[in-house]
Protein chains: 2
Amino acid sequence: MRIVITTCTVNYQGRLASHLPKAQRLIMVKADGSISIHADDRAYKPLNWMNPPCLIHETTENDEIVWSVSNKQGELLVITMHEVHHEVSAELGDDPGLQKDGVEAHLQELLATHVETLGEGFELVRREFPTPIGPVDLLCKDKDGYIAVEVKRRGEIDGVEQLTRYLDALNLDPQLTPVRGMFVAQEIKPQALTLAEHRNIRCLSVDYDELRGMTDPQARLF
Amino acid sequence: MRIVITTCTVNYQGRLASHLPKAQRLIMVKADGSISIHADDRAYKPLNWMNPPCLIHETTENDEIVWSVSNKQGELLVITMHEVHHEVSAELGDDPGLQKDGVEAHLQELLATHVETLGEGFELVRREFPTPIGPVDLLCKDKDGYIAVEVKRRGEIDGVEQLTRYLDALNLDPQLTPVRGMFVAQEIKPQALTLAEHRNIRCLSVDYDELRGMTDPQARLF
DNA sequence: CTGTTCATCTCGTAA
DNA sequence: TTACGAGGTGAACAG
């Protein structure tokens, strides 16, 4: 990792064209060759960046240091440093990586082992049930037939569209039809709820922690 | 802006839960109070972060510095620094900001002034034509009636769904119906193309630079 | 404020 | 390699 605090101008030509006027910024060069340019606000997003793999070529023109960063896709990032105020290097080494808990996959897992919470007499047929246009999160069955369940952390309109496409595909199969739809999320947006109801898709909000408690009452990863 | 290179462990509890084992990392505190934690790879994304506005509370426990970062939503980021290897501060000042050229809005603008490239005899009725569920990018007209045009930089399946919803809404209006659909993008994914054709939506790939050339042959912002 | 949509989205994963 | 969906998506803009 190399950190340079510098007064610079930046031009990017690639997926779009962009320009940063002369100002003081922080440039971060990482061990994988990637580069990012940060202003003094916004935690998340750099002003400009180049993802690895990329090549940094340094030249000097009229007392100005110029970095030309290019990648295989033909994108080009040119940083002209008018003045360098500070510079540090440090070897951080490999990172053991981020452990996550509470993403959609976990919710799907928990629901798969507790399909009875989705509806009376529900039985799991398969997780990730394949269709020609992609897998349905859960395929369940009760006394009236099959139910395709779409699981989301946050239920929005896109999820309802996705489930609708799956239902269309599944209902082409005479072995399965009629297949009902069910939309399950920790939180369902009003728009999504309205669209789902309009399409006769049942909606259910579930609580992740509560669901986890059913499997393992004292579970808490961290 | 404050930069700290430190051996640390990090815990986040908020929209999900996550944990970073002890390792050397770079912590960036920006002038707006936001904070991000970087490993030595990936240009774009920090391992962990907290967006402004947030509050940083520093304590010391057994020779370890602990930063508790919280926000109004009740999210909590706890950084425990076991060792600090380097530290810098710098006032960067306000950034003049990034100027962009080539985003979807520009493409829509160009197409609006050249609707004849979309189809013979096409005339523009309105950009951002309002419907109950949101504005259609372009509403055009030819001798056979109205055409709703959805403009995307990259045409994917979501865009086709969006256009379909607009068409459904527009065709409820007896003054307009029948409204045909048209999907225009610099690049259209095969899946989107298939779905669009299946719904009788015409697809067109356009070249941004070529289109811009029609308006202003020597135009080139940077 | 909410809701909607774009993004140089990034990033993982599975076919 | 490509395609697809999730994301602590973030960020901008309209209502």
Side-chain angles (χ1 to χ4, degrees), chain A residues 10-19 34 36-37 41-52 54 69 71 73-77 97-98 100-108 128 130 132-135 137 150-159 161-162 165-166 185-186 189-192, chain B residues 12-18 34 36-37 41-52 54 69 71 73-77 97-98 100-108 128 130-135 137 150-154 156-159 161-162 165-166 185-186 189-192 194:
Chain A
V10 182
N11 285 288
Y12 166 75
Q13 188 75 244
R15 280 170 280 185
L16 57 61
S18 77
H19 173 71
S34 67
S36 57
I37 298 151
D41 61 352
R42 269 160 299 182
Y44 197 83
K45 242 189 128 166
L47 290 165
N48 268 118
W49 69 94
M50 196 73 107
N51 285 330
C54 61
V69 188
N71 66 9
Q73 290 81 39
E75 297 177 275
L76 182 64
L77 182 73
L98 186 68
K100 290 185 182 182
D101 176 43
V103 294
E104 185 194 295
H106 299 138
L107 190 57
Q108 194 199 112
E128 303 288 347
I133 54 165
D137 286 338
E150 179 66 33
V151 180
K152 289 266 178 261
R153 208 166 54 81
R154 288 165 50 193
E156 300 185 20
I157 211 160
D158 283 7
E161 297 285 12
Q162 198 180 332
R165 289 196 295 275
Y166 291 147
Q186 287 185 262
K189 289 283 165 76
Q191 260 82 356
Chain B
Y12 165 76
Q13 187 76 242
R15 279 172 281 187
L16 56 61
S18 76
S34 65
S36 57
I37 298 151
D41 61 353
R42 271 160 300 182
Y44 191 81
K45 257 189 116 164
L47 289 165
N48 261 323
W49 69 95
M50 197 73 107
N51 286 329
C54 61
V69 188
N71 66 10
Q73 290 79 40
E75 296 176 275
L76 182 64
L77 182 75
L98 187 67
K100 291 182 185 187
D101 176 44
V103 294
E104 187 192 294
H106 299 138
L107 190 57
Q108 193 198 113
E128 303 289 346
T131 80
I133 54 164
D137 287 338
E150 179 66 33
V151 180
K152 288 264 177 263
R153 214 165 51 83
R154 288 167 52 190
E156 300 184 22
I157 211 159
D158 282 7
E161 296 287 12
Q162 198 181 334
R165 288 197 297 273
Y166 290 146
Q186 289 185 263
K189 290 283 164 74
Q191 259 81 356
T194 306

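Order of the sequence lines fixes the chain letters, A, B, ..., with proteins taken first and strands second; residue numbering starts at 1 for each chain.
A distance of about 15 Å separates the P atoms of D:dA11 and C:dC11, rounded to the whole Å. One C1' atom belongs to D:dG7, the other to C:dC6, and the distance between them is 15 Å to the nearest Å.
Listed nucleotides C:dT8, C:dG12, D:dG5 differ in distance to A:Glu75; the shortest reach to its side chain belongs to C:dT8. Proximity note for A:Val103 (side chain, C-beta onward) versus D:dG5, D:dG7, C:dC6: the nearest is D:dG7. Which of D:dG8, D:dA11, C:dA7 sits closest to the side chain of B:Asn48 comes down to D:dG8. For B:Gln162, taking side-chain heavy atoms from C-beta onward, the closest of the listed nucleotides D:dA11, C:dC6, C:dT8 is C:dC6.
To the nearest angstrom, P of C:dT8 lies 14 Å from CD1 of A:Ile37. Here D:dA6 presents its C1' atom at 11 Å from CG of B:Leu16, a figure rounded to the nearest Å. Straight-line distance from the CG atom of A:Asp158 to the P atom of D:dG5: 10 Å, rounded to whole Å. Going from atom CZ of B:Arg154 over to atom P of C:dT5 covers 18 Å, rounded to whole Å. Across the protein-nucleic acid pair, B:Lys100 atom NZ and C:dT8 atom C1' stand 7 Å apart, rounded to whole Å. Look at CD on B:Gln73: it is 14 Å from C1' on C:dT2, rounded to the nearest Å. Distance A:Asn71 CG to C:dT10 P: 11 Å, rounded to the nearest Å. When the P atom of C:dC11 is taken as reference, atom CH2 of B:Trp49 falls 11 Å away, rounded to whole Å.
Here B:Cys54 contributes atom SG and B:Gln73 contributes atom CD; the two are 10.0 Å apart, rounded to the nearest 0.5 Å.
Between B:Lys189 and A:Glu104, the residue anchored closer to the 5' end of DNA chain D is B:Lys189, taking for each the nucleotide with the nearest heavy atom. Remark on DNA chain C: of its neighbouring residues B:Lys45 and A:Gly14, the 5'-side contact belongs to A:Gly14, judged by nearest-heavy-atom nucleotide.
The shortest heavy-atom contact between B:Asp101 and A:Leu16 is O-CB, 3.5 Å. For the residue pair B:Tyr166 and B:Thr131, the shortest heavy atom distance occurs at CD2-OG1, 3.9 Å. Shown here for B:Met50 and B:Val69, the closest heavy-atom pair between the two residues is CE-O, 3.1 Å. Taking both residues in full, the closest heavy atoms of A:Ser18 and A:Asn48 are given as OG-ND2, 3.5 Å, listed atom of the first, atom of the second, then distance.
Across all strands shown, B:Met50 has heavy atoms under 4.0 Å from base atoms, whether or not it also approaches the sugar-phosphate. Among the heavy atoms of the strands lying under 4.0 Å from B:Leu98 is at least one base atom, whether or not backbone atoms are also near. No engagement by B:Glu156 is indicated, since no non-hydrogen atom pair under 4.0 Å with the nucleic acid exists.
The closest donor-acceptor contact from the side chain of A:Tyr44 to the backbone of B:Pro46 lies at 3.5 Å or more, if one exists at all.
Aromatic stacking of B:Tyr12 on D:dG8: satisfied, with centres closer than 5.5 Å and planes within an angle under 30 degrees.
Applying the 4.0 Å criterion to OP1 and OP2 of C:dA7, one finds that A:Tyr44 has every side-chain N and O outside that range. When the side-chain nitrogen and oxygen atoms of B:Arg15 are compared with OP1 and OP2 of D:dA6, none of them lie within a distance under 4.0 Å. Not one side-chain nitrogen or oxygen of A:Asn51 sits closer than 4.0 Å to the OP1 or OP2 atom of C:dT8.
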